[in-house]
Q: 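Please read through the structure below; I'll follow up with questions.
Atoms within each ligand, like the ligands themselves, are counted from 1 in listed order. What you see is a predicted model; the values in this text were computed from it and never measured.
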Amino acid sequence: MVEAFTELAAPFYMQIKLIHLLAVMVWLFSTAVAYQNYLVPAFQAWRASPNDAQAIAMRNLAIERFDKGVVLEHVAFPVIMITGPVLWLVTGYGAESDWFVFKMLIVFGIFLPIEIMDYYLSHFGGNKARHRHAGDMEAYERDVEMHWRFLVSVTWPIVFFGVLAVVLAVLKPQF
Ligand code: HEM
C-alpha cells in the first residue's frame, strides 16, 4: 500500500517539493507584517494605558483581525505536514541524514505543539470574536491575555527554528 503510493508520487517529486516549499514560505512569513506593525504596537499602547478605551478597542480589533489573518499560516501548515512525509517516502531520507533527523526533531518537538496551541487560540476555544458574540467578555479578556503571552513567547523560537529548519533542509549538513 505504502509502496504503491510512493511509486505513484515519485514522478511528481519536484512538483510536491515546490508545493512544500511554497507552503513553508507562507507558513513562516505570512503573519510577519501584521504582527510587527499592527499587533505589537496595539498591545504596547494598551500596556502603556490599560484603562484607555481607545487603546482597548485598538487591541481588540488587532487581535481579532490577527485571528483571521493567521488562517493563511494555518492552511499552509497542514500542506507542509502532508507534502513533507510524501517527500520523505519518495526520497528515503532517514536516520543516517543528520539534517533530516534534526529537522524532524524541530518539526515534531517544537512546531507541532506550538501550532496546536496556536490553532486553539486563534480559531477554536480561544477565538476572540466568538467570545464577543457570546457576550463572554471575561473569557475574551482571559484569552486576549493568554494569546498575547503565547505570541510573545513563541515568536522568536519560531523565527529561529523556522529559519534553522529551512537551512537544514536546503544545505543538508552532516555533523
Ligand atoms: C514546518 C516544517 C517544515 C519546514 C520549515 C520544511 C522546510 C523544507 C524546505 C525549505 C525544503 C526544500 C529543500 C530543498 O529544496 O533543498 C524541504 C524539503 C523536504 N522536506 Fe521539509 N519542511 C518541513 C516539514 C517537513 C516534514 C514534516 C517532513 C517529513 C516528515 C519533511 C520532509 C522533507 C523532505 C524529504 C524534503 C526533500 C529534501 C530534498 O529532496 O531536497 N519536511 N523542507
Side-chain angles (χ1 to χ4, degrees), residues 1-40 43 62-128 143-144 146-175:
M1 174 84 173
V2 175
E3 272 132 63
F5 176 77
T6 308
E7 243 174 70
L8 203 74
F12 303 103
Y13 164 71
M14 292 301 266
Q15 287 85 346
I16 298 166
K17 189 153 110 166
L18 174 66
I19 295 168
H20 190 69
L21 198 49
L22 289 171
V24 167
M25 291 171 184
V26 173
W27 173 73
L28 204 48
F29 300 117
S30 60
T31 58
V33 172
Y35 180 75
Q36 177 95 354
N37 298 289
Y38 291 86
L39 204 64
V40 170
F43 272 79
I63 193 74
E64 287 193 30
R65 290 272 165 92
F66 199 75
D67 279 353
K68 278 191 188 161
V70 83
V71 163
L72 272 180
E73 177 194 310
H74 290 161
V75 168
F77 191 68
V79 174
I80 297 172
M81 298 306 275
I82 291 166
T83 50
V86 179
L87 290 173
W88 168 67
L89 284 175
V90 173
T91 55
Y93 285 118
E96 72 295 338
S97 305
D98 293 346
W99 70 273
F100 186 72
V101 173
F102 275 107
K103 190 177 131 173
M104 290 304 101
L105 286 174
I106 293 171
V107 171
F108 290 99
I110 298 172
F111 297 157
L112 190 61
I114 286 178
E115 288 302 327
I116 289 170
M117 188 65 186
D118 203 11
Y119 277 76
Y120 172 82
L121 285 170
S122 310
H123 316 298
F124 298 105
N127 180 269
K128 273 51 104 221
D143 285 339
V144 166
M146 200 199 294
H147 202 163
W148 177 238
R149 275 204 303 275
F150 168 80
L151 288 170
V152 168
S153 322
V154 303
T155 296
W156 286 111
I158 283 280
V159 170
F160 177 77
F161 287 107
V163 171
L164 184 60
V166 173
V167 169
L168 288 170
V170 174
L171 301 183
K172 299 183 177 49
Q174 282 294 118
F175 300 104

Q: Starting from atom 41 (O) of ligand 1, find the nearest protein heavy-atom neighbour and note its residue, name and distance.
A: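 Ranked first by proximity to atom 41 (O) of ligand 1 is Lys172 NZ, 2.7 Å.
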Q: Quick one: does Met117's side chain get under 4.5 Å of Met146's, heavy atoms only?
A: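 In short, these two side chains touch, coming nearer than 4.5 Å.
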Q: Could you tell me whether the side chain of Met25 reaches within less than 4.5 Å of the side chain of Ser30, counting heavy atoms only?
A: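 The answer is no; the side chains never approach within 4.5 Å.
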Q: So, does Pro85 sit close enough to ligand 1 that a heavy atom of it is under 4.0 Å from the ligand?
A: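 So Pro85 counts as touching ligand 1.
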Q: With rounding to the nearest 0.5 angstrom, report the CD1 to CZ distance, Ile114 to Phe77.
A: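 That separation rounds to 9.5 Å.
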Q: Mark yes when over 12 heavy atoms from residues, nucleotides or ligands other than Lys172 sit less than 6.0 Å from its NZ; otherwise mark no.
A: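 Yes, the 6.0 Å shell around NZ holds more than 12 heavy atoms from other groups.
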Q: Heavy-atom contacts with Trp88 under 4.0 Å: which atoms of ligand 1 show up? List them by number with element.
A: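 Answer for ligand 1: 35 (C).
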Q: Based purely on interatomic distance, does Tyr13 place a nitrogen or oxygen under 3.5 Å from a nitrogen or oxygen of ligand 1?
A: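 By distance alone, the answer is yes.
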Q: Considering only heavy atoms, does Val90 approach ligand 1 within less than 4.0 Å through its side chain, its backbone, both, or neither?
A: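 Neither part.
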Q: Quick one: which ligand 1 atoms are inside 4.0 Å of a heavy atom on Trp27?
A: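 With Trp27 as reference, the close atoms of ligand 1 come out as 1 (C).
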Q: Students should be able to answer this: which protein heavy-atom is nearest to atom 26 (C) of ligand 1, and at what distance?
A: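 Of every protein heavy atom, Met104 CE, 3.6 Å lies nearest to atom 26 (C) of ligand 1.
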Q: What protein heavy atom sits nearest atom 10 (C) of ligand 1, and how far away is it?
A: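 Going by distance alone, atom 10 (C) of ligand 1 is nearest to Leu21 CD1, 3.3 Å.
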Q: Numbering the atoms of ligand 1 from 1, which are under 4.0 Å from a heavy atom of Thr91?
A: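 Taking each heavy atom of Thr91 in turn, ligand 1 has 35 (C), 40 (O) under 4.0 Å.
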Q: What residues, two or more places apart in sequence or in another chain, satisfy salt bridge (charged side-chain N to carboxylate O under 4.0 Å, His left out) together with Asp118?
A: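 By the salt bridge (charged side-chain N to carboxylate O under 4.0 Å, His left out) rule, Asp118 matches no residue at all.
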Q: Just so I know, are the side chains of Glu96 and Val101 near enough to count as touching, which here means a heavy-atom distance under 4.5 Å?
A: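 Glu96 does not reach Val101 side chain to side chain.
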Q: Do Leu171 and Trp99 have side chains that approach each other closer than 4.5 Å (heavy atoms only, starting at C-beta)?
A: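 Leu171 does not reach Trp99 side chain to side chain.
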Q: Between Phe102 and Phe175, does the ring centroid distance fall short of 6.0 Å?
A: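 Between Phe102 and Phe175, the centre distance is under 6.0 Å.
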Q: Would you say Lys17 has any N or O atom under 3.5 Å from an N or O of ligand 1, going by distance alone?
A: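 Yes.
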Q: Return all protein N, O or S atoms below 2.8 Å from atom 21 (Fe) of ligand 1, chain by chain in residue order.
A: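 Listed by chain and number, the atoms are His20 NE2, Lys103 NZ.
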Q: Could you tell me which atoms of ligand 1, counted from 1 in the order shown, lie closer than 4.0 angstrom to a heavy atom of Met81?
A: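 Heavy-atom distances to Met81 below 4.0 Å select 27 (C).
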